[in-house]
*Asks:* 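Here it is, the structure in full.
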Amino acid sequence: MNTATKKAWRIIPRPLLETVLNNHTHHHRVRQPLLLHGPRGVGKTTLILHRLLPDWNTGPHLTAYVDLAEPIKAGHGPWASWSTCPPPSLSECRQTLERCLETLTDKGIRAGAITSHQIFATLNKWHGLSAVLCRILQSQSPRRASLAELWDRAVFAVGRNLGFGEEEENNALSLEEASYLRESFAALKLAKKVIEVQQGWRANAIANMNNTGMFSRTLTHSSTDWPCLLLELLSQAAEIDHFQPKLVINNIEVLKHATVNDKYSVSGPLYHDSLIWRIIALGANEQCLPVILVTSDSYYSYEAFLEFGYMEIFISRETFGWTPQEAKMHMVTDYFSRSEWKVISEVLGPNPRHLFELYALKQSNYYQKPTEDKACTFDDIVDAYIAYLQITVVNPALDRAMEILQKFASDVYNGKVSEDKLRFGAPWRHPPQSDDPKLHSEWAKLQLMDFVQSLANTEFGVNYRSDYSEEIFDDPSTAALLQVGLLYTQRDPPFLRPISKGIQRCLVRWLVHQQRQLNFRNLIHFMWHRIIRGRYYRHLMVQIGYK
């Protein structure tokens with residue numbers, strides 16, 4: 001076995017991307033959130049956690065890091081996609097986000113950057129306080145009591161039951177300093193109580209909005225009042241070399257698909273859109289603390305920019321990991337020999353997660369032991385890894401994609417799909433004219449096989465903006481494979497492709513396996529479909545003359 005296999009894996013710096021992210025976060029306030037997006041497995045989370053986050057938590061810098069997909073990863077491994085695993089609940093995601101922002105705000109209060117007066121002024125700017133403060137004080141407002149007097153009385157009432165912990169005792173604060181801190185913490189607690197009471201008042205209106213299918217911007221934004229109030233307080237308090245908070249939300253797309261079991265709560269997509277829109281508005285109107293949204297969902301590579309306004313609404317940074325030349329420079333000869341790299345480059349490509357997992361497999365004792373017939377070769381290790389990807393990543397995702405297509409067929413039968421999506425000549429225009437789940441399942445498999453075959457005929461080199469043509473996105477198979485995370489829509493250059501060469505190879509293996517399993521009748525049906533109704537996306541190839 002090559003001596004390189006005994007080397008410990010290390011995180012390779014990416015100077016250009018790190019410089020861009022550091023420049024963004026070292027401002028105390030910015031105009032736009034930064035969107036870091038790219039396919040799964042290219043090292044976005046590793047870059048943030050192991051290269052940048054330690055520096056973003058030193059000196060005056062404080063960073064709240066929220067990974068909304070952590071519950072998914074914990075139970076299903078690093079390749080898990082929200083669409084192939086049960087998504088977390090929206091309430092769980094909200095609590096995680098709010099807890100991190102509350103921790104940042106606590107530190108801002110201890111640093112003297114956030115005061116009771118600032119909390120009152122910010123809260124009063126967006127929320128009517130008279131009625132809710134009277135409700136909290138459980139009394140009617142005195143005839144001549146001002147809003148400020150009501151606030152002071154409520155802060156005093158909350159502060160009486162507020163204790164300090166060991167940290168304040170150990171710091172030996174003066175009486176005046178302790179009183180100042182106690183008032184600020186009481187004001188923060190009161191602000192949260194105010195928003196909770198107001199949200200309770202709106203609960204029935206939100207339930208009615210959910211039942212009727214209507215939309216209210218005010219009710220939707222009320223669901224994000226608390227985190228956005230904390231963001232505004234932190235942004236106002238940010239000061240260079242004194243208190244510089246930041247927020248990193250990893251896997252922001254999980255919010256769009258989080259489950260909701262409470263009729264008094266807005267849906268996941270509405271919460272997601274409200275949160276992002278208010279972050280954008282805060283930055284554009286008053287400047288916001290640096291916010292970085294990290295995602296592997298290709299929705300954010302192009303479509304999100306249009307839905308939220310225009311192409312400059314975010315600062316966009318798209319990363320695809322290493323080029324083959326860069327990966328070869330880092331991997332050979334430290335981790336793989338030149339002959340091994342030739343196999344890797346051909347079969348898996350330079351995806352960093354593939355390389356790490358393959359290297360771990362190469363180091364394992366199982367593959368260092370010779371079998372009865374012969375010693376294990378590197379090709380055997382690569383084959384075993386491809387089989388692992390096939391069984392644990394690609395096949396479950398394709399099964400989920402077929403379920404999505406079955407639902408599409410059912411929706412067509414029930415009249416839930418508009419005629420615009422069933423235009424003449426579309427290969428998916430003729431799902432079964434019955435509600436038989438078995439027929440829908442056979443149709444879904446046929447559609448998915450046809451789609452993968454059409455991509456294979458283009459050698460998975462699709463330029464979705466060729467001739468300004470984006471009709472491929474009308475295809476429900478495209479939507480299904482994007483949703484399960486096997487395909488990725490790049491923004492620059494505008495390619496639709498598998499997330500890695502290894503995943504692409506697994507798609508081809510799945511197609512071959514499915515074709516071999518077809519009986520004579522279904523094989524004839526598949527061939528007829530390919531000839532008469534089949535997809536042909538060769539006009540969308542990456543470049544003219546591509547072979």
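Position 1 is the first residue of the sequence; numbering continues from there.
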*Asks:* On a heavy-atom basis, which atom in K193 and which in I136 lie closest, and how many Å separate them?
*Replies:*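 Scanning both residues, the minimum pair turns out to be CG-CD1, 4.2 Å.
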*Asks:* Might you work through the side chain to side chain donor-acceptor pair (under 3.5 Å) test for W126 and E232, ending with a clear yes or no?
*Replies:* CA-CA 11 Å; W126 303 108; E232 187 165 354; 2.9 Å; yes
*Asks:* With T45 as reference, evaluate D67, N251, N250 under the side-chain hydrogen bond (donor to acceptor under 3.5 Å, both in side chains) test and give the passing residue.
*Replies:*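 Of the listed options, the one satisfying the test is N250.
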*Asks:* Decide, yes or no, whether a salt bridge links E98 with K192 under the criterion of side-chain N to carboxylate O below 4.0 Å.
*Replies:*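 Answer for the salt bridge query: no.
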*Asks:* Any carboxylate oxygen within less than 4.0 angstrom of a Lys/Arg side-chain nitrogen, looking at K256 and E307?
*Replies:*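 The answer is no: the pair does not qualify as a salt bridge.
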*Asks:* Looking at S298, S301, S296, S316, which hits side-chain hydrogen bond (donor to acceptor under 3.5 Å, both in side chains) with H37?
*Replies:*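 Checked S298, S301, S296, S316 against H37; only one passes side-chain hydrogen bond (donor to acceptor under 3.5 Å, both in side chains): S316.
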*Asks:* Is it true that a side-chain atom of R29 and a backbone atom of S235 form a donor plus acceptor pair closer than 3.5 Å?
*Replies:*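 Yes; judged by distance alone, with no hydrogens or angles, the pair exists.
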*Asks:* I need the T25 OG1 to I292 CD1 distance, nearest 0.5 Å.
*Replies:*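 Between T25 OG1 and I292 CD1, I get 5.5 Å after rounding to 0.5 Å.
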*Asks:* Can you list the steps and then say if Q447 with S477 is a side chain to side chain donor-acceptor pair (under 3.5 Å)?
*Replies:* CA-CA 7 Å; Q447 293 294 314; S477 297; 4.8 Å; no
*Asks:* Any ion pair linking R278 and D225 (charged N to carboxylate O, less than 4.0 Å)?
*Replies:*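 Yes.
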*Asks:* Quick check: do I114 and L188 have side-chain heavy atoms less than 4.5 Å from each other?
*Replies:*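 No, too far: nothing below the 4.5 Å cut-off.
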*Asks:* Side chains of F305 and L35, heavy atoms from C-beta outward: is any pair under 4.5 Å?
*Replies:*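 Touching, per the 4.5 Å side-chain cut-off.
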*Asks:* What is the minimum heavy-atom distance between N463 and P494, and which atoms define it?
*Replies:*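 The answer is OD1-O, 3.2 Å.
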*Asks:* For residues W79 and H354, establish whether the separation of their ring centroids is below 6.0 Å.
*Replies:*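 Ring centres of H354 and W79 closer than 6.0 Å.
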*Asks:* Looking at E102 and R99, does any basic side-chain N land under 4.0 Å from a carboxylate oxygen?
*Replies:*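 Looking at E102 and R99, the cut-off is not met.
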*Asks:* Run T218 and S216 through side chain to side chain donor-acceptor pair (under 3.5 Å) and show every step you take.
*Replies:* CA-CA 5 Å; T218 302; S216 166; 4.6 Å; no
*Asks:* Taking the six-membered ring for Trp, are H257 and H272 ring centroids under 6.0 Å apart?
*Replies:*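 They do not qualify: ring centres at least 6.0 Å apart.
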